[in-house]
Amino acid sequence: MAVAGLPLPMVDIAHYLDDCKFILVSNREPYEHMRGATGVEVKQPAGGLVSALDPTMRRTHGTWVAWGSGTADRDVTDEAGRVAVPPDENCYTLRRVWLDDADVNGYYHGFANQALWPLCHMLIQHFEFRTEYWERYRTVNLRFAHAVADEAERCSGRAMAWIQDYHFALAAEYLRAMRPSLFIHQFWHIPFPPADILRLLPDGTHQAVLRGLLGNDLIEFQIDRYAANFLDCVEKFVPEARVDHARQTIVFRDRLVAVGAFPISIDVERFEQMAASPESEARVATLRDRYAKGTRQLGVCVDRIDYTKGIPERLHALETLWTESPELRERFTFLFVCTPSRTDLPAYAMLEREVLQSVMAINTQFGTPDWTPIVFINENVDSDLLANVYRAADLCIVSSLQDGMNLVAKEFVACQLDERGALILSRFTGSAEEIEGAILINPFNVDGFVAGIRTALGMSPEERKRRMHRMRRDLHNSTIFDWLDSILARATGIMGAQRIAQRQVAAV
Ligand code: ADQ
């Protein structure tokens with residue numbers, strides 16, 4: 001049933017789910033109730049995942065289980081933490097899980113963001129393990145598992161739980177113990193590390209993370225390499241599991257666990273529409289007039305300020321470029337759109353300070369009365385403005401040291417309606433394994449990085465157009481709805497096979 005006035009997802013999820021209840025689990029919630037000056041206000045956090053999954057949830061009338069992080073969240077829920085959303089339309093249920101400060105500190109800032117995040121990105125200088133964080137992570141994963149089990153209990157028929165990300169490495173195993181026949185699958189958004197890195201978690205803990213994930217029926221990674229790392233880790237650290245690398249399956253506790261690569265993408269049409277609007281045309285013209293008049297060129301980058309994104313390395317490459325090629329001063333301007341992130345963690349607060357200082361130093365060194373080399377926007381800007389920035393640019397730099405996928409690269413390609421821009425992309429992103437036509441760089445190699453920027457600046461308009469045209473064509477065949485479609489097709493395929501097997505066992 002379509003709901004009047006709502007954008008319809010391009011995947012008819014109901015077709016996959018049949019009569020099966022859909023329960024989505026994520027750390028962040030799709031709607032936050034906040035106390036404001038005029039009473040309770042509802043905020044919908046920006047981000048690709050919420051914008052893709054919210055219409056899906058509206059369609060399925062399922063339940064979204066997430067941390068109730070808003071200041072007025074408790075005021076609007078029932079005693080189980082449930083509230084109908086979207087406000088006024090009431091299409092599906094949001095089930096909030098409550099966390100206190102110690103939970104947030106241990107589970108979220110502690111184990112998820114100070115242990116698993118750096119470890120999975122292989123940036124071990126940021127890795128910190130504390131037993132207390134780990135204990136909290138276990139407690140919170142158990143609490144989420146209870147909430148999901150309760151939601152599954154409330155429906156009369158079958159249910160499918162879909163867990164998002166590294167915040168919940170243990171939830172599937174706990175949930176499996178509570179509801180053995182529930183279909184559970186999980187998407188891991190970040191890289192999965194090789195065994196030598198995972199084992200930096202204390203003995204017992206890295207095995208627990210793997211056994212936790214093996215509670216799933218299907219585990220989805222961004223690319224094959226991460227899936228292969230996971231299979232290797234299981235083979236090395238979980239002796240009772242039987243791994244089949246060719247089939248990407250594991251037999252564990254008499255169950256079959258499937259593993260696969262499902263590269264995430266973006267809502268391509270939404271970005272194209274934002275970039276094509278009349279207001280966008282006007283803003284793009286203003287940006288080009290201000291920063292890229294005539295034959296001058298405009299570079300852009302967009303990130304959360306995170307040590308995985310290679311921001312100091314990018315600044316170093318730009319500084320080297322303007323040092324070695326003074327003729328590029330006043331001819332090449334760079335627009336940095338960076339939003340502060342996880343600022344409660346010292347490593348992130350320090351990085352933000354370091355980035356600000358470097359930008360100021362570069363602008364002082366090379367700037368002239370008429371020209372600022374780096375135009376720095378240090379905030380979370382709305383997606384319409386991002387679309388304008390992407391469209392106006394002659395080049396975009398994504399320089400992650402490691403990145404599960406990197407959606408900025410895809411957003412840039414989607415918004416390049418004039419096919420003018422070049423994409424400079426770190427070879428250590430998931431996107432680099434998917435996108436053909438980018439200029440690949442290694443952000444650790446400053447000379448190679450600078451050479452990549454020079455290649456982009458010197459590339460003929462025909463060559464840029466040819467590459468961008470190809471990238472845009474490929475992106476249209478791989479949108480977030482294709483991602484959703486392929487995951488649900490695989491999940492329901494496995495579910496169907498399990499049902500047939502159960503019937504056969506029952507018939508014997
Ligand atoms: P991230 O590392 O957060 O997430 P990334 O793919 O880099 O995700 O996308 C960041 C998103 O934030 C983009 O949609 C971008 O537009 C937005 N954003 C960044 N800076 C912004 C700003 N200043 N203002 C407004 N918006 C901004 C994780 C993994 C990635 C993976 C995603 C999705 O680390 O590898 O691609 O999940 O699975």
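Order of listing sets the numbers, starting from 1, for every ligand and every atom in it. Everything numeric here is computed off the predicted structure, so don't read it as measured data. Below, each value reflects all heavy atoms present in this structure, side chains not excepted, and no hydrogens, waters or symmetry copies.
Under 4.0 angstrom from ligand 1, the non-hydrogen atoms of Leu386 all belong to its side chain. Counting heavy atoms under 4.0 Å from ligand 1, residue Glu411 touches it through the side chain alone. Counting heavy atoms closer than 4.0 Å to ligand 1, residue Cys338 contributes backbone atoms (N, CA, C, O) but none from C-beta onward.
Backbone and side-chain nitrogen or oxygen atoms of His189 are examined, and one is located within less than 3.5 angstrom of a nitrogen or oxygen of ligand 1. Between Val381 and ligand 1, an N or O atom pair is found at a separation short of 3.5 Å. Remark: ligand 1 and Ile264 share no N or O pair separated by less than 3.5 Å (distance only, no angle test).
The ligand atoms of ligand 1 that sit less than 4.0 angstrom from a heavy atom of Val302 are 19 (C), 20 (N), 21 (C). Within ligand 1, the atoms closer than 4.0 Å to a non-hydrogen atom of Thr339 are 20 (N), 21 (C), 22 (C), 23 (N), numbered from 1 in the order shown. Proximity to Gln222 (heavy-atom distance under 4.0 Å) selects the following atoms of ligand 1: 31 (C), 38 (O). Those atoms of ligand 1 that come under 4.0 Å of a heavy atom in Leu407, given as number and element, are 5 (P), 6 (O), 9 (O), 33 (C), 36 (O). Close contacts of ligand 1 with Gly404, meaning ligand atoms under 4.0 Å from a residue heavy atom, involve 35 (O). If you number the atoms of ligand 1 from 1 as listed, the ones under 4.0 Å from a heavy atom of Val337 come out as 23 (N).
Taking a 6.0 Å sphere around CG of Asp382, one finds it holds more than 12 heavy atoms contributed by other residues, nucleotides or ligands. Environment of CD1 in Ile124: sparse, with no more than 12 heavy atoms of neighbouring residues, nucleotides or ligands closer than 6.0 Å. With a 6.0 Å radius and a threshold of 12 heavy atoms from other residues, nucleotides or ligands, His245 has its NE2 atom above the threshold.
For the ring-ring contact (aromatic ring centres under 6.0 Å, His included) test with Phe187, the passing option among Phe192, Trp162, Trp483 is Trp483; the others fail. For the salt bridge (Lys or Arg N to Asp or Glu O under 4.0 Å) criterion with Glu419, the lone passing option out of Arg467, Lys465, Arg464 is Lys465.
By the ring-ring contact (aromatic ring centres under 6.0 Å, His included) test, Phe168 pairs with Phe144, sequence neighbours left out.
The cationic group of Arg342 lies under 6.0 Å from the six-membered ring centre of Trp117 and within 45° of the ring axis, placing it in a cation-pi geometry.
Of the listed options Asp403, Ile480, Thr429, Asp403 places a heavy atom closest to atom 34 (O) of ligand 1. When Met405, Gln402, Lys309 are checked for heavy-atom proximity to atom 7 (O) of ligand 1, Lys309 turns out nearest. Taking only non-hydrogen atoms, the option from Asn406, Ile190, Asp306, Ile377 nearest to atom 36 (O) of ligand 1 is Asn406.
Taking the charged nitrogens against the carboxylate oxygens, Asp165 and Arg28 have no contact shorter than 4.0 Å, which rules out a salt bridge.
Contact annotation: Trp117 has at least one heavy atom less than 4.0 Å from an atom of ligand 1.
Residue Phe412 holds its CZ atom at 11.0 Å from CG of Leu425, rounded to the nearest 0.5 Å.
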